[in-house]
Amino acid sequence: MDEPFDPVLIGIIREKLNDIVPLDHTVGISDELSAWGFHSLNIMKLIVELELELSIEFDDFDLLLEKFSTIEKVYGMVKKAQQSAQELHE
């Protein structure tokens with residue numbers, strides 16, 4: 001990632017993760033989510049929750065588990081979806 005992370009967006013991602021699989025600790029931004037109990041169904045729940053919360057839509061071609069395997073990757077996918085949404089409205 002070239003730009004600094006938006007702490008508000010990271011907070012939203014962490015909140016949604018915690019809603020799906022309650023955690024007693026902080027998942028590192030580059031930790032594999034599968035190591036913390038997130039499997040494909042949980043990741044799909046995360047994707048849906050983020051789409052609803054942020055009014056974005058992930059491209060169907062991007063809905064691959066490896067593209068959502070860490071908070072950093074989820075962040076990148078959210079930023080990509082936000083950019084696509086912005087371009088549609090221009």
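Keep in mind the model is a prediction, meaning the values are calculated, not measured. By convention here, the first residue in the shown sequence is residue 1.
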Apply the test side chain to side chain contact (heavy atoms under 4.5 Å, CB included) to residues Leu9 and Leu54: give CA-CA distance (whole Å), side-chain angles for both, the deciding distance (0.1 Å), then the verdict. CA-CA 9 Å; Leu9 184 53; Leu54 301 171; 3.8 Å; yes
For side chain to side chain contact (heavy atoms under 4.5 Å, CB included), just list the numbers for Val48 and Met44, CA-CA rounded to whole Å, side-chain angles, deciding distance to a tenth of an Å, and then say yes or no. CA-CA 6 Å; Val48 170; Met44 291 310 295; 5.7 Å; no
Anything under 3.5 Å between a donor and an acceptor, one on a side chain of residues 30-38, the other on a protein residue two or more places apart or in another chain? List them.
| from | atom 1 | to | atom 2 | distance (Å) |
| --- | --- | --- | --- | --- |
| Asp31 | OD2 | Gly28 | N | 2.8 |
| Asp31 | OD2 | Trp36 | NE1 | 3.4 |

Under 3.5 Å, side-chain donor or acceptor atoms of residues 14-22 against the rest of the protein: list the pairs with distances, not counting sequence neighbours.
| from | atom 1 | to | atom 2 | distance (Å) |
| --- | --- | --- | --- | --- |
| Arg14 | NH1 | Val27 | O | 2.3 |
| Arg14 | NH2 | Val27 | O | 3.2 |
| Lys16 | NZ | Glu53 | OE1 | 3.3 |
| Asn18 | OD1 | Leu23 | N | 2.7 |

Could you tell me the separation between the CZ atom of Phe58 and the CD1 atom of Ile47, rounded to the nearest 0.5 Å? 6.5 Å
Has the side chain of Tyr75 got a donor or acceptor atom that lies under 3.5 Å from a matching backbone atom of Thr70? no
Distance check, rounded to the nearest 0.5 Å: Ile13 atom CD1 versus Phe68 atom CZ? 10.0 Å
Nearest 0.5 Å, please: how far is NZ in Lys73 from CD1 in Ile29? 13.0 Å
The reported gap from CZ in Phe5 to CD in Glu72 (rounded to nearest 0.5 angstrom) is 4.0 Å
Quick check: does any side chain N or O of Gln82 sit under 3.5 Å from a backbone N or O of Ile56, one acting as donor and the other as acceptor? no
Evaluate whether atom CD of Glu57 has more than 12 neighbouring non-hydrogen atoms of other residues, nucleotides or ligands under 6.0 angstrom away. no
Kindly indicate whether the side chain of Leu50, heavy atoms from C-beta on, has any atom under 4.5 Å from the side chain of Leu46. yes
